[in-house]
Trainee: 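Starting off with a structure, shown below.
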Amino acid sequence: MSVAYVPDWLRGKAEVNQETIQRLLEENDQLIRCIVEYQNKGRVNECVQYQHVLHRNLIYLATIADANPTSASKAME
């Protein structure tokens, strides 16, 4: 299960830290590798499932980045 999936009753209560973000980035890397592998094998259904999880993770990371504009500008320096 994706690290980004949080049940409704826990939403807004989890602390987002560098470790969580790093785990998501690593998970996304693995998801992309799986998507490419399944595409090469012609296994479309599995590919789409992983694409949905990747999309959810990317939206979650974008939401975190939008909520913390100062940390994004510091990373660019």
Side-chain angles (χ1 to χ4, degrees):
M1 178 180 293
S2 175
V3 177
Y5 176 76
V6 179
D8 289 336
W9 58 276
L10 278 178
R11 290 181 189 244
K13 298 178 183 175
E15 183 179 326
V16 178
N17 56 34
Q18 193 64 32
E19 181 183 332
T20 303
I21 293 170
Q22 185 60 43
R23 283 194 327 221
L24 274 169
L25 293 172
E26 291 169 2
E27 180 179 357
N28 288 350
D29 177 63
Q30 187 61 35
L31 286 167
I32 292 167
R33 291 173 193 272
C34 288
I35 290 166
V36 169
E37 182 179 335
Y38 283 132
Q39 282 178 337
N40 291 337
K41 292 180 179 179
R43 296 174 65 181
V44 178
N45 291 335
E46 291 89 347
C47 185
V48 170
Q49 291 172 347
Y50 285 121
Q51 286 173 337
H52 284 290
V53 176
L54 177 61
H55 180 261
R56 183 177 59 211
N57 286 358
L58 292 172
I59 295 298
Y60 182 73
L61 287 169
T63 303
I64 292 169
D66 287 345
N68 297 304
T70 56
S71 62
S73 64
K74 285 180 185 176
M76 289 183 196
E77 293 176 353

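Worth knowing before you read on, the calculation uses all heavy atoms, side chains too, and leaves out hydrogens, waters and symmetry mates.
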Trainee: Hey, what do you get for OH (Tyr50) to CZ (Arg43), rounding to the nearest 0.5 Å?
Mentor: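 These two atoms lie 8.5 Å from each other.
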
Trainee: Could you grab the distance from atom CD1 of Ile32 to atom CD of Glu27, nearest 0.5 Å is fine?
Mentor: 11.0 Å

Trainee: How many angstroms lie between CG in Asn17 and CZ in Arg23, if you round to the nearest 0.5 Å?
Mentor: 7.5 Å

Trainee: Do Glu46 and Glu37 come close enough that some side-chain heavy atom pair is under 4.5 Å?
Mentor: no

Trainee: The criterion is side chain to side chain contact (heavy atoms under 4.5 Å, CB included); which residues satisfy it with Ile21, sequence neighbours excluded?
Mentor: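 Side chain to side chain contact (heavy atoms under 4.5 Å, CB included) check on Ile21 returns Val16, Leu25, Leu61, Ile64.
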
Trainee: Distance from Ile35 atom CD1 to Gln30 atom CD, nearest 0.5 Å?
Mentor: 10.5 Å

Trainee: Supply the atom-to-atom distance Asn28 CG to Arg56 CZ, rounded to the nearest 0.5 angstrom.
Mentor: 10.5 Å

Trainee: Report the distance from atom CG of Leu58 to atom CG of Leu54, rounding to the nearest 0.5 Å.
Mentor: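 Interatomic distance, Leu58 CG to Leu54 CG, rounded to 0.5 Å: 4.5 Å.
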
